[in-house]
Amino acid sequence: MTVNLSKGQGISLKKADGGTLTAVRMGLGWQAAPRRGLFGTRTREIDLDASAVLFADKQPVDVAFFQQLVSKDGSVRHTGDNLVGGAGQGGDDESILVDLQRVPVHVNQIVFTVNSFTGQTFAEVRNAFCRLVDETTGQELARYTLDGGGPYTAQIMAKVHRVADGWQMTAIGQPSNGRTFQDLLAEIQAVL
């Protein structure tokens, strides 16, 4: 059963049987919003990029994104860059796989961001979401939908963080501006 998250809401990543998840996938999907023009309605390709920034306390220590597909420790893997969106017909256009058992013990938070590399704003994007999937079973666990577009080019979407008895996902939903995750680091640290 999927939990639709609101901004700031979190869920435990414990399995229903009390076990812990071992691998999760953060999926990102989007479509270009149609624009009315002189010659009818058209859409423009939009290049959104998903990134996962690994933190030890509030310090970034590693990353997986379109220019570094695998974190240095190998626990986080980006499946590749989608330059246009909408390829999944409502499914994931970009995915980041996290092997929770391999995440180094000093890493206590993994933050997922979305950036418009080509600079289009989220007002030009529709049906944008991130979702967390149990990679072992394929079951969707949680979904955070980006509502309302807006005049910004980035979003700090969600984080997976350690809690006393495992991991938890929290929806952040913080709009921002920047072409890559590096442009967002100060704002990410403020919401950790």
Side-chain angles (χ1 to χ4, degrees), residues 2-11 25-55 58-60 63-69 76 78-96 109-132 140 142-161 169-192:
T2 298
V3 175
N4 288 311
L5 296 177
S6 303
K7 186 175 180 175
Q9 186 179 10
I11 63 161
R25 174 173 26 103
M26 180 63 71
L28 167 67
W30 74 93
Q31 294 176 326
R35 299 184 321 169
R36 295 193 58 79
L38 187 59
F39 301 106
T41 302
R42 295 185 291 167
T43 59
R44 185 170 141 195
E45 294 178 347
I46 295 181
D47 180 12
L48 294 185
D49 293 313
S51 302
V53 186
L54 289 71
F55 285 85
K58 292 193 174 201
Q59 295 303 311
V63 67
F65 74 120
F66 71 93
Q67 291 182 331
Q68 178 181 310
L69 295 178
V76 180
H78 193 298
T79 60
D81 194 12
N82 179 321
L83 302 176
V84 298
Q89 302 300 325
D92 301 337
D93 293 308
E94 290 193 12
S95 294
I96 297 175
Q109 299 184 77
I110 302 170
V111 178
F112 298 93
T113 65
V114 179
N115 297 79
S116 173
F117 186 74
T118 49
Q120 291 106 327
T121 68
F122 278 91
E124 298 177 64
V125 176
R126 68 180 179 153
N127 301 327
F129 66 86
C130 74
R131 68 189 191 121
L132 193 70
E140 182 176 287
R143 177 178 287 256
Y144 176 69
T145 303
L146 171 65
D147 292 324
Y152 46 88
T153 60
Q155 176 100 197
I156 303 166
M157 293 291 280
K159 68 180 177 178
V160 172
H161 52 103
M169 177 191 172
T170 301
I172 298 173
Q174 175 69 41
S176 188
N177 285 294
R179 293 181 41 183
T180 67
F181 77 90
Q182 292 102 324
D183 299 331
L184 309 179
L185 285 176
E187 287 182 67
I188 293 171
Q189 289 170 318
V191 297
L192 293 178

Can you give me the closest heavy-atom contact between [X] and [Y], atom names plus distance?
X	Y	value
A64	L69	CB-O, 4.0 Å
Q189	F55	CG-CE2, 4.0 Å
A50	L28	CB-CD2, 3.6 Å
F122	A154	CE1-N, 3.4 Å
A52	V76	CB-CG1, 3.9 Å
S176	L184	OG-CD2, 3.2 Å

- Item | Side-chain heavy atoms of I188 within contact of I172, under 4.5 Å |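 In short, these two side chains do not touch, never coming nearer than 4.5 Å.
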- Flag the pair H78 / I96 as yes when at least one side-chain heavy-atom distance between them is below 4.5 Å, and no otherwise.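 Contact flag for H78/I96 side chains = yes.
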Any chance you could measure [X], atom [atom1], to [Y], atom [atom2], to the nearest 0.5 Å?
X	Y	atom1	atom2	value
Q182	T180	CD	OG1	3.5 Å
L48	T118	CG	OG1	7.5 Å
I156	E187	CD1	CD	5.5 Å
R25	S95	CZ	OG	5.0 Å
E140	F129	CD	CZ	7.5 Å
S51	I110	OG	CD1	13.0 Å

- Task: Could you point out which residue of K159, K58, H161 forms a side chain to side chain donor-acceptor pair (under 3.5 Å) with Q109?
- Result: K159
- Message: Please check this pair: side chain of R131 against backbone of R143, looking for a donor-acceptor N/O pair closer than 3.5 Å.
- Response: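 Absent.
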- Query: Run the side-chain contact (heavy atoms from CB on, under 4.5 Å) check on V160 and F112 step by step: do they pass?
  - Reply: CA-CA 8 Å; V160 172; F112 298 93; 3.7 Å; yes
- Message: Assess the residue pair L192 and V111 against the criterion (side-chain contact (heavy atoms from CB on, under 4.5 Å)); give the C-alpha distance rounded to whole Å, side-chain angles, the decisive distance to 0.1 Å, and a yes or no.
- Response: CA-CA 9 Å; L192 293 178; V111 178; 3.5 Å; yes
- Message: I'd like to know whether D49 forms a side-chain contact (heavy atoms from CB on, under 4.5 Å) with V114, so could you lay out the CA-CA distance, the side-chain angles of the two residues, the decisive distance to 0.1 Å, and finally the verdict.
- Response: CA-CA 5 Å; D49 293 313; V114 179; over 6 Å; no
- Message: Is there a side-chain contact (heavy atoms from CB on, under 4.5 Å) between V63 and L54? Walk through the geometry before answering.
- Response: CA-CA 6 Å; V63 67; L54 289 71; 5.6 Å; no
